[in-house]
Amino acid sequence: MTDIIKPHKISVVIPCYNEQDVLPELFRRMHDAAERWVVEWEIICVDDGSYDNTWNLLCEQNAKDPRWIAISFSRNFGHQTAVSAGIYHTTGDAVIVIDADLQDPPEELYRFIDKWQEGYDIVYAVRQHRKEAIVKKISYWAFYRLMSKMIDFKLPLDSGDFCIMDRKIVDILNSMPEKNRFVRGLRAWTGFKQTGLVYERQSRAAGETKYDFKKLRRLALDGILSFSTVPLAIASYLGLWVSLLSFLSIILFFLQRVFKSFFESIGFGPKPGFAIIIAILFLGGVQLIFLGILGQYLGRIYDEVKQRPHWIIKNSKGVAPKNPSNS
Ligand code: UDP
Ligand code: MG
């Protein structure tokens with residue numbers, strides 16, 4: 001391992017939601033890893049509205065070592081908001097984002113720091129193997145491939161939020177006003193010099209996943225809808241094809257009636273009502289799907305124009321609470 005000698009400050013952001021089981025091990029391993037970097041460091045843990053002992057443990061850690069900073073939300077705002085709030089409060093020259101559950105090993109971080117010091121602005125982690133449930137693995141695999149087809153910048157495949165970013169990227173992220181955040185997408189969108197480092201994703205050190213199906217679906221939709229309008233375009237393409245098909249069906253419908261005996265002789269005579277029912281159901285279905293897609297965009301636009309604060313901070317240790325809308 002290379003010891004780092006440049007006089008930099010590194011900030012680490014850790015979102016925590018009901019992570020009491022894993023925190024003692026996180027404190028120990030993260031602290032040992034950070035001490036080996038031989039740079040100034042701070043660690044900002046964001047308690048995303050936990051209802052277990054997470055906040056007390058974070059406060060105790062801050063009392064022991066003030067480089068461990070803690071922020072708590074007034075309720076659960078979600079992983080991406082917790083990461084964004086953490087990033088917003090950092091002061092380092094580079095910022096690391098890592099999950100609390102030790103699936104991303106802190107001992108690997110020196111490799112990311114080395115790469116950053118080589119001159120890369122973003123070094124993101126690429127998951128080689130996921131030690132997770134098969135459905136989750138397949139969903140993530142499909143999602144990244146689908147999304148990368150729908151956007152016009154390069155989204156690294158199989159990369160999560162685990163990364164190091166230079167201060168200039170962090171400043172850009174902090175200046176982005178949007179609330180529905182897909183941090184790994186925003187990060188990739190900024191451009192600059194980016195590279196990936198392959199690592200083996202571990203299973204959780206303790207506790208259960210905090211990403212239920214609903215949260216994962218929301219994350220996937222935020223990812224696609226905030227970077228791509230392709231779903232809206234599909235509506236017009238499909239609409240065009242459906243109209244063409246309906247038009248051809250109408251011609252067929254008339255022909256069947258005009259040349260009835262011919263069509264009956266080839267076993268394709270008119271069947272009353274059947275075609276119409278199919279057409280109505282088909283068109284109704286297509287319209288509902290695209291009304292739904294419109295609704296998803298509209299809901300997000302509504303969310304943004306309301307201009308409510310991105311998060312509400314209930315408590316903090318070692319840092320003055322800030323919010324993009326009031327500071
Ligand atoms: N998390 C959070 N708020 C949430 C859900 C999760 O801050 O609403 C945190 C959680 O504590 C963890 C990270 O986000 O540090 C990733 O969550 P988890 O490990 O449960 O997700 P998975 O790795 O299973 O996708
Ligand atoms: Mg996890």
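Residue numbers start at 1 and run along the sequence shown. Every number for a ligand or one of its atoms is a count from 1 in the order of the listing. Both backbone and side-chain heavy atoms feed into the values below; hydrogens, waters and symmetry mates do not.
Residue-to-ligand polar distances place Tyr17 within reach of ligand 1: an N/O pair is separated by less than 3.5 Å. For a threshold of 3.5 Å applied to N or O pairs, the pair formed by Pro15 and ligand 1 contains at least one separation below that value.
Each of the atoms 10 (C), 11 (O), 12 (C), 15 (O) of ligand 1 lies under 4.0 Å from some heavy atom of Glu19. Close contacts between ligand 1 and Asn76 involve ligand atoms 3 (N), 4 (C), 8 (O) [criterion: under 4.0 Å to a heavy atom]. Within the listing of ligand 1, atoms 15 (O) sit less than 4.0 angstrom from a heavy atom of Ala100. Here is the list of ligand 1 atoms found below 4.0 Å of a heavy atom in Gly78: 3 (N), 8 (O). Close contacts between ligand 1 and Cys16 involve ligand atoms 7 (O), 11 (O) [criterion: under 4.0 Å to a heavy atom]. Near Asp99, the atoms of ligand 1 lying under 4.0 angstrom from a non-hydrogen atom of the residue are 13 (C), 15 (O), 16 (C). Under a 4.0 Å criterion applied to the non-hydrogen atoms of Lys215, ligand 1 contributes the atoms 4 (C), 5 (C), 8 (O). Heavy-atom proximity to Asp101, at under 4.0 Å, picks out these atoms of ligand 1: 19 (O), 23 (O).
Two residues are said to be in side-chain contact when any heavy atoms from C-beta on lie closer than 4.5 Å; Gln194 and Arg187 fail this criterion. Residues Leu58 and Leu23 are in side-chain contact: their nearest non-hydrogen atoms beyond the backbone lie under 4.5 Å apart. When side chains are defined from C-beta on, Asn76 counts as touching Lys215, because their heavy atoms get closer than 4.5 Å. Side chains of Val97 and Ile87 form a contact here, defined as non-hydrogen atoms less than 4.5 Å apart. Under the 4.5 Å side-chain criterion, counting only non-hydrogen atoms from C-beta, Ile71 is not in contact with Trp311.
Remark: Arg75 qualifies as a cation-pi partner of Phe77 under the 6.0 Å distance and 45° angle criteria applied to the six-membered ring.
Here Gln103 reaches the Mg ion (ligand 2): one of its N/O/S atoms is less than 2.8 Å from the metal.
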Requested in this report: Could you walk me through whether Asp161 and Arg184 pass salt bridge (charged side-chain N to carboxylate O under 4.0 Å, His left out), step by step?
Outcome: CA-CA 5 Å; Asp161 291 332; Arg184 62 201 78 163; 3.0 Å; yes
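Looking at Asp101 and the Mg ion (ligand 2) together, the shortest N, O or S contact belongs to OD2.
Within the 4.0 Å heavy-atom criterion, the part of Asp48 lying near ligand 1 is the side chain and not the backbone.
Phe182 and Phe143 have perpendicular rings, their planes meeting at more than 60° on a 0 to 90° scale where under 30° would count as parallel.
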